[in-house]
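In what follows, chains are A, B, ... by sequence order, proteins preceding strands, each numbered from 1.
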Protein chains: 4
Amino acid sequence: MSKIDKNKQMKRESLLETAFRLFTSKGIQKTSISDIVEDAGVAKGTFYLYFKDKYDIRNKLIAHKSGEVFKRADLALQATDITELEERVIFLIDNIINQLVENKTLLGFISKNLSWGMFKNVLIGAGEDSEVDFYDIYHSMFGDEGRFENPEVMVFMMIELVGATCYSAILYSEPVGIDELKPYIFRTIRGIMAMHRITGQTETDSDI
Amino acid sequence: MSKIDKNKQMKRESLLETAFRLFTSKGIQKTSISDIVEDAGVAKGTFYLYFKDKYDIRNKLIAHKSGEVFKRADLALQATDITELEERVIFLIDNIINQLVENKTLLGFISKNLSWGMFKNVLIGAGEDSEVDFYDIYHSMFGDEGRFENPEVMVFMMIELVGATCYSAILYSEPVGIDELKPYIFRTIRGIMAMHRITGQTETDSDI
Amino acid sequence: MSKIDKNKQMKRESLLETAFRLFTSKGIQKTSISDIVEDAGVAKGTFYLYFKDKYDIRNKLIAHKSGEVFKRADLALQATDITELEERVIFLIDNIINQLVENKTLLGFISKNLSWGMFKNVLIGAGEDSEVDFYDIYHSMFGDEGRFENPEVMVFMMIELVGATCYSAILYSEPVGIDELKPYIFRTIRGIMAMHRITGQTETDSDI
Amino acid sequence: MSKIDKNKQMKRESLLETAFRLFTSKGIQKTSISDIVEDAGVAKGTFYLYFKDKYDIRNKLIAHKSGEVFKRADLALQATDITELEERVIFLIDNIINQLVENKTLLGFISKNLSWGMFKNVLIGAGEDSEVDFYDIYHSMFGDEGRFENPEVMVFMMIELVGATCYSAILYSEPVGIDELKPYIFRTIRGIMAMHRITGQTETDSDI
DNA sequence: TATGAATGAGGGTTCATTCAT
DNA sequence: CATGAATGAACCCTCATTCAT
């Protein structure tokens, strides 16, 4: 049975790998299920044994691939001795940006498809096939300590800012290259964190 | 000739209107040219007299629709007596957000399709069928006065931040509704402007 | 497997047969793939499982049909005891002409489509789905014996002459019917062979 | 009126010229009426004022273009002092072949389209828009003198032989280039003429 | 489980032809 | 005579999905 199960797992992973390669090289719209099964070396019907349709495999890929990016960033962070929270966040973001610079196809894939809703799913559902529990990381960083007014909004803004600006800067160097953009991103990130830090809320709010 | 030309313009606009309605209700992928011409009440071949393909009409719609949003925001701004630049920017953004709240289908359409490159095209090419010259507005606000270190990067960051965060907040109230998010957005916008203001560069830079 | 393969072969042959019938009755240009699949009783997509496009099926038909003609002629020749080479050639040509007289649709199809390049392909590639190896026949007749100065040119001229003249004579009796034309054709064929026969080259050449 | 008529003639000739250029460069099937009128600089409807459809203009072109070739060959012949009939025929054929070598697009166009029936039309109908009366030439050469047994068959065979063999030799050098093929063609032509010459009919006929 | 032949609706696109101007 | 916008049938081809093996 183990052998059969292993075979099954191989088929599934072959399909995922192939789909990712084709999605990132030809685009999702232009990739047909025929393309995937042909390259993966399985029969057409087999695809439907593992995935509902093209968008099912896409969603599973996004969760998987973005999870990996966060995992690698977290591992790198653990290898440092940075303790200050703000510096830890900056380190993570910098690491993720660097990963995306190195892997532009992954960037294109994630940016076009990773919504905030998706991201939360990664956070929550990560435990199922991952050794890292992102939910724990998230909470230990932002949630438990009560240091931030609205941690979820804060993380949301940071992620959307980084995602949106990096896409254009890394892939098209528009309006500037990522190296030139990074300082601005980091300063804005620090600004966002400062804004949400509870002790820092003494200034008068005059938001329009 | 006038009669024929008027008829042509009507056909063209009928196609644009119908395409927009279908794109925003069914999505671009799911909308076929057959759908468009059927709803617009013209023959299939007629579509190809006016547009190259589905993506041609989409691009023209994006430019047109986002141009309109900016135009309306600018008109509203002119009706005020706000003089301070920062306040003018905040007013514009607030107005645009409010428009998008009122017109969620437009928001979905623009957000999914308006890239920075597209935005620049709207800015530059707006003159062709618009009474407002966005390029002038842009330059009079940010470019000429030498008050900002890198105005293009600044505008880029503001637009990407607003676009990315509003999409989720307005359409899905995730992670919070737009009303709750707005103060954070505005404060971040002010932070971004402060960061680029040349005289404000006295603080120490410690961008990683 | 045998059952499925048999079914596949049947589908393929049904398509070939139907295409031939339509090509010869309506012409290739006027025959659409829709026509073929409809008459063959298969779905449109099925066509593309077996052939790349209309011209793929046409080429396969030409090779197949002209191969059959040559094969039949060769079989008939083997049933005789003609030994003299020239008489054997005349016999083959006569037999082929007679076949084409009997099957005028085949004549129209082959004549319009069988170029010299095509003919060589039939000769060379015939082995793949045929029991007769035309290449062997050809070589044993003309090539090996060293009796002809330029056997390829000789065969080329004979084939082009026969093809071009028979088409008009058989189908339209223009300028005369095939029976009246035959003697002239045969005499010209003999002339061409005489011309290429190496020992026959004693006459003075005065080719302009 | 003359001016209008001149304008009409110009439109017609512009259409003919453009059609010929497109037919020979893209092929007849791939050339649409839209292509022709666009390149010719006239409106679509105008085409139908002069020609019935694409095949009407094609037929008119074939007659016109092949007529020109024969006319040029005849003019060249008249400039010589060749008197012997056989040599005159060889001269004509050689001249025509040379024209086709120089003008390969013309060769492709004529060969693919010039049937014997067409050729006779050119002969007969040539008077309508040509200064040369081919019918006269033809008859003075072959018909009137009673020197040939069946002049029409003879001309037919010569034309078909030359047309069929030259096409492959000039355009594809298959099986040999035209220069290498010419001697064989001429000898065969002489053979065909000898065969039809009435005084030369002393040899025994053994046509199968 | 796994296969892959078969399906057929539906996609985008072309183009000969018409006809009001 | 000349125009060219409009037509819409017909084209080729793709592909997600099914199901008998």
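- With both pairing distances under 3.5 Å, E:dG12 is matched to F:dC11 as a Watson-Crick or G-U wobble pair.
- In this structure, B:I36 places its CD1 atom 11 Å from P of E:dT13, rounding to the nearest Å.
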Contact state string [nucleotides 12-19 of chain F, B base, S sugar-phosphate only, - no protein heavy atom under 4.0 Å]: BBBSBBB-

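- When Watson-Crick and G-U wobble pairs are counted only if both distances are under 3.5 Å, F:dA20 pairs with E:dT3.
- Exactly one of B:K60, B:K52, B:K54 qualifies for a side-chain hydrogen bond (donor to acceptor under 3.5 Å, both in side chains) with B:D56. That residue is B:K60.
- Distance CZ/B:R21 to CG/B:L61: 12.0 Å, rounded to 0.5 Å.
- Listed nucleotides F:dT7, E:dT3, E:dA5 differ in distance to C:L49; the shortest reach to its side chain belongs to E:dA5.
- With rounding to the nearest 0.5 Å, the separation of CD1 in A:I57 from CD1 in A:I33 is 8.5 Å.
- Nearest nucleotide to the side chain of B:Y50, out of F:dA6, E:dA2, E:dG4: F:dA6.
- Residues C:E68 and C:H64 form a side-chain contact, since some pair of their non-hydrogen atoms from C-beta on lies under 4.5 Å apart.
- Around NZ of C:K26, the count of heavy atoms belonging to other residues, nucleotides or ligands within 6.0 Å exceeds 12.
- Residue B:K11 has no polar side-chain atom (N or O) positioned under 4.0 Å from OP1 or OP2 of F:dA5.
- E:dT1 atom P lies 12 Å from atom CD of A:Q9, rounded to whole Å.
- The separation between A:E38 atom CD and E:dA2 atom P is 20 Å, rounded to whole Å.
- Atom OG of C:S32 is separated from atom NZ of C:K30 by 12.0 Å, given to the nearest 0.5 angstrom.
- Atoms CG (D:L15) and C1' (F:dA2) sit 12 Å apart, rounded to a whole Å.
- Summarising the geometry, the separation between CG on D:D39 and P on E:dC15 is reported as 13 Å, rounded to the nearest angstrom.
- One atom, CG of B:D5, and another, P of F:dG4, lie 12 Å apart when rounded to the nearest Å.
- The aromatic rings of D:F20 and D:F109 sit perpendicular to each other, their planes meeting at more than 60°, with 30° as the lower class boundary.
- Going from atom CZ of C:R12 over to atom C1' of E:dA5 covers 15 Å, rounded to whole Å.
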